[in-house]
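These notes are about the structure you will find just below.
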Amino acid sequence: MPQIQLTPAERRFHRADAHHLDPVVLVGGDGLTPAVKKEIDAALNAHGLIKVRVFGDDRAARELMYQELAADLNAAPVQHIGKLLVLWRPVPAKEKTVDDDRMPGPRDVKVLKFSKRGGQRPEIKQLRVLGNQRLTSGGQIKRAKPKQKSIKKRQAD
């Protein structure tokens with residue numbers, strides 16, 4: 001796969017975005033193991049823009065590691081400053097799962113009922129509100145009404 005190329009303006013934009021980020025992957029004394037590459041790949045898929053901290057003291061080795069990561073993972077090298085490497089890759093589009101368009105399920109709600117005399121503790125009731133129900137301001141559960149259509153839309157149908 002060819003490496004992603006960034007224009008200087010894009011690189012500057014990503015550098016600014018990465019300024020506040022913390023390193024998500026730490027590369028230890030063993031260097032770039034397959035497990036480390038897999039973690040960096042997963043982080044790029046999840047975040048897009050990441051920082052990697054390399055604990056080695058050899059600058060040439062870090063530079064080589066930086067270029068190797070960019071080439072192997074199809075990422076754009078953004079910045080190499082000290083022991084920090086900044087990489088960017090566009091986040092892939094999330095695949096829609098089967099359950100994404102489900103309606104909301106039941107939820108548990110706590111209702112406080114205050115006494116009319118005032119000096120007592122409020123009564124706490126735990127209620128389960130189903131997807132087709134709503135909770136009124138008085139603490140009652142009512143079935144949700146179907147959305148009303150305007151007269152003009154009803155006539156058009």
Side chains of residues 51-62: which donor-acceptor pairs under 3.5 Å do they make with residues two or more places apart or in other chains?
| unit_1 | atom_1 | unit_2 | atom_2 | d |
| --- | --- | --- | --- | --- |
| K51 | NZ | A18 | O | 3.3 |
| K51 | NZ | H19 | O | 3.4 |
| K51 | NZ | L21 | O | 3.1 |
| D57 | OD1 | K83 | NZ | 2.8 |
| D58 | OD1 | A60 | N | 3.4 |
| R62 | NE | G82 | O | 3.1 |
| R62 | NH1 | G56 | O | 2.9 |

List the atom pairs, with distances to 0.1 Å, where a side-chain N or O of residues 22-36 and a protein N or O form a donor-acceptor pair under 3.5 Å, not counting sequence neighbours.
| unit_1 | atom_1 | unit_2 | atom_2 | d |
| --- | --- | --- | --- | --- |
| T33 | OG1 | V36 | N | 3.3 |

Atom pairs and distances, side-chain donor-acceptor, residues 63-70, under 3.5 Å, sequence neighbours left out:
| unit_1 | atom_1 | unit_2 | atom_2 | d |
| --- | --- | --- | --- | --- |
| E63 | OE1 | H80 | ND1 | 2.8 |
| E63 | OE2 | Q67 | NE2 | 3.1 |
| Y66 | OH | V78 | N | 2.9 |
| Y66 | OH | Q79 | N | 2.7 |
| Y66 | OH | Q79 | O | 3.3 |
| E68 | OE2 | K37 | NZ | 3.0 |

(request) List the steps and the verdict of side-chain contact (heavy atoms from CB on, under 4.5 Å) for R89 and I4. (result) CA-CA 8 Å; R89 183 172 68 193; I4 298 174; 4.2 Å; yes
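The CG atom of D41 sits 9.5 Å away from atom CD of E39, with the distance rounded to the nearest 0.5 Å. To the nearest 0.5 Å, the span separating CD1 on I40 from CG on L85 amounts to 8.0 Å.
Atom CZ of R154 has more than 12 heavy atoms from other residues, nucleotides or ligands within 6.0 Å. Environment of CD1 in I81: sparse, with no more than 12 heavy atoms of neighbouring residues, nucleotides or ligands closer than 6.0 Å. When the shell of 6.0 Å around CD of Q148 is examined, it contains 12 or fewer heavy atoms from other residues, nucleotides or ligands.
Taking a 4.5 Å side-chain heavy-atom cut-off between Ile, Leu, Val, Met, Phe, Trp and Tyr, the cluster of V109 extends to V111, L127, V129, L135, I141.
Within the structure, salt bridge (Lys or Arg N to Asp or Glu O under 4.0 Å) contacts touching residues 108-137 (residues at least two apart or in different chains) are D108-R128. For the ring-ring contact (aromatic ring centres under 6.0 Å, His included) condition, no pair includes a residue of residues 110-157, sequence neighbours left out.
With sequence neighbours left out, N132 forms a side chain to side chain donor-acceptor pair (under 3.5 Å) with no residue at all. Every residue two or more places apart in sequence or in another chain that forms a side-chain contact (heavy atoms from CB on, under 4.5 Å) with A9 is listed here: T7, R12.
Clustering ILVMFWY residues whenever any of their side-chain heavy atoms sit less than 4.5 angstrom apart, transitively, puts L84 in a cluster other than the one holding W88.
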